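What follows is a single structure, written as structure tokens, with notes after it.
None of these values were measured; they are calculated from a predicted model. Nothing fancy with the numbering, it's 1 onward along the sequence. Start at 1 and go down the list; that is how both ligands and their atoms are numbered.
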Amino acid sequence: MNDEQERVDRLNERLAQIRTRIANARKIAHREDDNIRIVAVTKYVEQDVVQLLIRAGLVDFGENRWQVAKPKVESVPSATWHFIGPLQRNKVRMVVPYFSWIHSVDRNELADDINRIASERGLLRNILLQVNVSQEEQKSGVDPEQLKPLLEHCAKLSHVQVVGLMAIGKQNAGVAEARAEFRQLKALRDEVQQQVGILLPELSMGMSNDFDIAVEEGATIVRIGRYLVNFDQDL
Ligand SMILES: *Cc1c(COP(=O)(O)O)cnc(C)c1O
């Protein structure tokens with residue numbers, strides 16, 4: 001067993017690698033902006049690892065299922081929690097108080113539920129609209145053609161603020177395919193924000209396998225799970 005300090009050292013090393021890769025990707029893309037948020041996806045790990053991640057200076061954490069997230073969010077409610085998975089309407093009441101960001105809004109009814117609960121509790125929630133860019137049947141996310149009406153609907157709600165778009169890349173996509181999807185999400189964002197007249201600064205895209213490509217293509221939020229939380233394992 002590693003002792004605590006050894007684990008912290010390994011985690012810091014992994015985090016440094018991630019930051020270097022992000023910096024390189026920014027350089028390649030000539031990105032001047034410095035607002036890239038690393039969301040540490042903690043769905044695979046327990047509370048103790050969340051504590052280590054906090055010690056390493058991380059502030060944003062992502063979870064995709066309420067049941068798995070519950071003990072972690074309850075023990076660190078002051079962290080910034082991002083809900084990144086499919087959200088069932090009967091879980092909205094539990095999720096909204098803890099998660100100030102919800103990345104996976106893909107239909108009007110869900111946005112309405114989030115807005116209602118946030119309103120009851122006097123909260124304002126950041127939401128992202130999840131788009132099914134790869135048009136996979138089984139995947140959640142709004143179809144690209146339905147994005148504009150969804151945005152127009154959400155823009156009218158008082159207790160949610162639509163801050164951007166999110167996509168999950170196709171599994172086992174190659175570099176070229178991943179890049180094409182990220183590009184498509186950004187193009188959609190540019191198009192729809194022009195059409196509707198709302199700024200959508202955030203692009204949540206890129207995971208362990210492809211976060212540097214996502215940054216090259218304009219990601220402002222990368223959601224990194226395995227590559228970060230498995231810092232105990234060599235790659
Ligand atoms: C699990 C998950 C991630 C993290 O995936 P890794 O490949 O482990 O980095 C990112 N986004 C969503 C929506 C997830 O469910």
Side-chain angles (χ1 to χ4, degrees), residues 10-11 14-22 25 36-46 49-50 52-53 56 58-70 72-73 79-88 91-92 95 98-107 110 114 125-136 138-142 163-175 177-179 181-182 184-186 202-235:
R10 296 195 71 147
L11 170 56
R14 185 63 57 86
L15 201 49
Q17 285 169 12
I18 290 171
R19 292 203 164 112
T20 302
R21 285 174 58 178
I22 289 174
I36 295 165
R37 193 185 283 261
I38 298 172
V39 171
V41 177
T42 48
K43 66 189 184 194
Y44 315 95
V45 295
E46 307 285 333
V49 175
V50 178
L52 290 179
L53 295 164
L58 287 162
V59 290
D60 289 282
F61 299 92
E63 287 280 344
N64 71 338
R65 287 176 54 207
W66 169 247
Q67 286 305 331
V68 174
K70 188 173 186 285
K72 291 170 260 182
V73 297
T80 302
W81 289 97
H82 297 248
F83 199 87
I84 59 175
L87 182 50
Q88 291 164 344
K91 299 293 191 313
V92 172
V95 163
Y98 289 104
F99 288 82
S100 50
W101 295 67
I102 298 172
H103 292 224
S104 44
V105 175
D106 60 359
R107 54 203 191 280
L110 177 57
I114 294 168
R125 266 30 193 141
N126 292 322
I127 64 171
L128 291 91
L129 306 183
Q130 182 179 353
V131 186
N132 186 1
V133 281
S134 55
Q135 303 262 30
E136 287 176 280
Q138 75 283 9
K139 235 173 33 192
S140 35
V142 65
V163 294
L165 303 184
M166 179 271 225
I168 300 175
K170 203 182 276 179
Q171 272 214 325
N172 306 316
V175 169
E177 202 176 357
R179 190 184 296 284
E181 287 187 13
F182 298 145
Q184 200 192 337
L185 189 70
K186 182 165 191 281
E202 306 289 348
L203 285 173
S204 168
M205 56 190 196
M207 322 200 306
S208 290
N209 285 338
D210 50 20
F211 66 89
D212 15 27
I213 304 164
V215 169
E216 285 179 33
E217 298 302 330
T220 59
I221 303 175
V222 290
R223 310 178 307 265
I224 306 182
R226 287 164 296 159
Y227 187 64
L228 177 61
V229 302
N230 293 341
F231 57 86
D232 278 325
Q233 296 160 28
D234 289 326
L235 295 167

Among all protein heavy atoms in this structure, tell me which lies nearest to [atom], with the distance rounded to 0.1 Å.
atom: atom 13 (C) of ligand 1; result: Ile84 O, 3.3 Å
atom: atom 9 (O) of ligand 1; result: Ser208 OG, 2.5 Å
atom: atom 7 (O) of ligand 1; result: Arg226 NH2, 2.4 Å

Taking [Y]'s backbone N and O only, do any of them form a donor-acceptor pair with [X]'s side chain (distance below 3.5 Å, no angle check)?
X: Lys72; Y: Val45; answer: yes
X: Arg223; Y: Val41; answer: no
X: Glu181; Y: Lys170; answer: yes

Ring of Tyr227, cation from Arg21 - is the NZ or CZ under 6.0 Å from the centre and inside 45° of the axis? yes
Of the non-hydrogen atoms in Tyr98 and Trp81, which two are nearest, and what is the gap between them? O-CB, 3.7 Å
Geometric N/O contact Gly225 with ligand 1, under 3.5 angstrom: yes
Does the residue Tyr44 have a heavy-atom contact with ligand 1, meaning some pair of atoms that are separated by less than 4.0 Å? yes
I need the contact type for Asn209 against ligand 1. Using non-hydrogen atoms and a strict under-4.0 Å cut-off, is it side chain, backbone, both or neither?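 Neither; nothing of Asn209 gets under 4.0 Å from ligand 1.
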Distance-only side-chain donor-acceptor flag, Ser104 / Gln130, under 3.5 Å: no
Taking the minimum heavy-atom distance to atom 2 (C) of ligand 1, which of Lys43, Met207, Arg223 ranks first?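 Comparing heavy atoms across Lys43, Met207, Arg223, the nearest one to atom 2 (C) of ligand 1 lies in Lys43.
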